[in-house]
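Okay, structure first, notes after.
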Amino acid sequence: MAEVYTGRFAPSPTGLLHAGSLVAALASWLDARSHGGQWLLRIEDVDTPRCVPGAAQAIMQQLAACGLEPDGPVLWQSQRGDAYAAALQTLVNQGWAYPCGCSRKEIESAQTVARHSATVYPGTCRHGLNGKPARAWRLNVQAVQKALGLPAVTHWHDRRLGPQQQNVAQEVGDFVLRRADGLWAYQLAVVVDDAAQGVTHVVRGEDLVDNTARQIVLQHALGLPTHQYLHTPLVLGANGEKLSKQNGAMALDLSDPMAAIEQAAQVLGLSTPSTRHNFLAQAQASWARAFISRPG
Ligand code: GLU
């Protein structure tokens, strides 16, 4: 049975859209339209201290000005706490999630002793808190893989970048599901919400490529379907770094949204139509030629 294509754009309202985030927005929209599918919007406002008041509404206005309008109701992660709590409980019941009492400092010193790379959690609390109060909740990656017969190395295919792989247990470790400050972690929220919105295809920026294997493991753990993935090229600033709100990327200039869209299309390597008339429809045809393989 052919699945109903559902794509999404999932901005964090930590600032306005900039030239880099518009690339992911446009690509996810073009992919959905090219598949005759729907395109949904999710406001990822779980990390409340980083959210900027009014930014979500402003992002929606920016998208609308560019002609990118969602096909269904907008999902707000700040209203999804019950769903995340239920997912965590499912994992706890399976024995696949455990509380962690480590402070950042303790993790760092354990990493030095165990010669783990600086980003890998060394598994200190996997078998008990040793009297420490619980701070965060983590996924026991190897327990999930063992119980479900999943390989240690997660292989997946990116529609632009080709075959990808990651040994999550070794390269990341047992990652956080609920943070020490009580906020829900991005990995859990994104997996629960992609499933709740019926997402079939994820199109997002290449800066998130490293999260995908973790999300696939979590999808398996929660008995949720895995998606098709495409990670879009990043826009680099003058300093050669990824354009981001953190390094002061300028918000899109809404006095000329089509110019912004044209620029984003160029980043995606789409042949830019000679006229602005019906630009999005032409970009869509160009996207389909580049990224949608036809059978036979
Ligand atoms: N909220 C994330 C961001 O703005 C995107 C998450 C995703 O697309 O999976 O970077």
Side-chain angles (χ1 to χ4, degrees), residues 6-32 38-52 55-60 62-63 68 70 74-80 83-84 87 156 158-161 164 166 172 175-177 179 183-219 222 224-237 241-249 251-252 264 267-268:
T6 301
R8 54 40 162 210
F9 177 54
S12 306
T14 51
L16 294 177
L17 289 186
H18 52 73
S21 40
L22 184 64
V23 171
L26 176 65
S28 59
W29 185 90
L30 289 172
D31 200 46
Q38 56 172 346
W39 184 73
L40 302 177
L41 184 64
R42 179 167 75 235
I43 300 294
E44 299 215 319
D45 54 350
V46 263
D47 193 351
T48 33
R50 287 185 55 230
C51 293
V52 173
Q57 285 74 12
I59 288 174
M60 289 190 263
Q62 288 179 302
L63 290 170
L68 310 179
V74 176
L75 194 73
W76 296 74
Q77 287 194 326
S78 54
Q79 297 170 10
R80 300 272 302 148
Y84 306 147
W156 59 280
D158 185 278
R159 291 166 52 209
R160 185 177 75 90
L161 302 168
Q164 306 289 316
Q166 187 177 56
V172 186
F175 54 89
V176 171
L177 302 168
R179 297 168 18 173
L183 295 177
W184 295 102
Y186 158 68
Q187 309 296 350
L188 181 76
V190 84
V191 164
V192 169
D193 287 344
D194 278 338
Q197 291 187 290
V199 167
T200 57
H201 291 66
V202 169
V203 177
R204 60 185 176 192
E206 202 175 320
D207 53 324
L208 294 163
V209 77
D210 180 58
N211 295 277
T212 306
R214 262 172 280 179
Q215 292 170 14
I216 291 172
V217 171
L218 201 43
Q219 287 157 359
L222 289 166
L224 301 173
T226 285
H227 322 298
Q228 298 206 33
Y229 290 94
L230 189 157
H231 290 83
T232 56
L234 301 181
V235 177
L236 302 182
E241 278 178 22
K242 177 206 155 197
L243 210 58
S244 72
K245 293 161 205 164
Q246 285 72 33
N247 66 21
L252 290 181
V267 174
L268 292 168

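Below, all heavy atoms of this structure are taken into account, side chains as well, without hydrogens, waters or symmetry copies. First listed ligand is number 1; within each ligand, the first listed atom is number 1.
- For the pair N211 (side chain) and L208 (backbone), a donor-acceptor distance under 3.5 Å is present.
- S28 places a side-chain N or O within donor-acceptor distance of the main-chain N or O of A24, the cut-off being under 3.5 Å.
- Listed by number with element, the atoms of ligand 1 under 4.0 angstrom from any heavy atom of V190 are 9 (O).
- Formation of a donor-acceptor pair under 3.5 Å by the H201 side chain with backbone atoms of H227 is not found in this model.
- Considering backbone and side-chain atoms alike, R8 places an N or O below 3.5 Å from some N or O of ligand 1.
- Close contacts of ligand 1 with R204, meaning ligand atoms under 4.0 Å from a residue heavy atom, involve 7 (C), 8 (O), 9 (O).
- In terms of polar-atom proximity, defined here as any N/O pair under 3.5 Å, S12 does make such a contact with ligand 1.
- Taking the six-membered ring where tryptophan is involved, the planes of W156 and Y229 are perpendicular, since the angle between them exceeds 60° and thus also 30°.
- Counting heavy atoms under 4.0 Å from ligand 1, residue L208 touches it through the side chain alone.
- Interface of Y186 with ligand 1, defined as ligand atoms under 4.0 Å from a residue heavy atom, comprises 6 (C), 7 (C), 9 (O).
- Side-chain atoms of D158 come within 3.5 Å of backbone N or O of H231 as a donor-acceptor pair.
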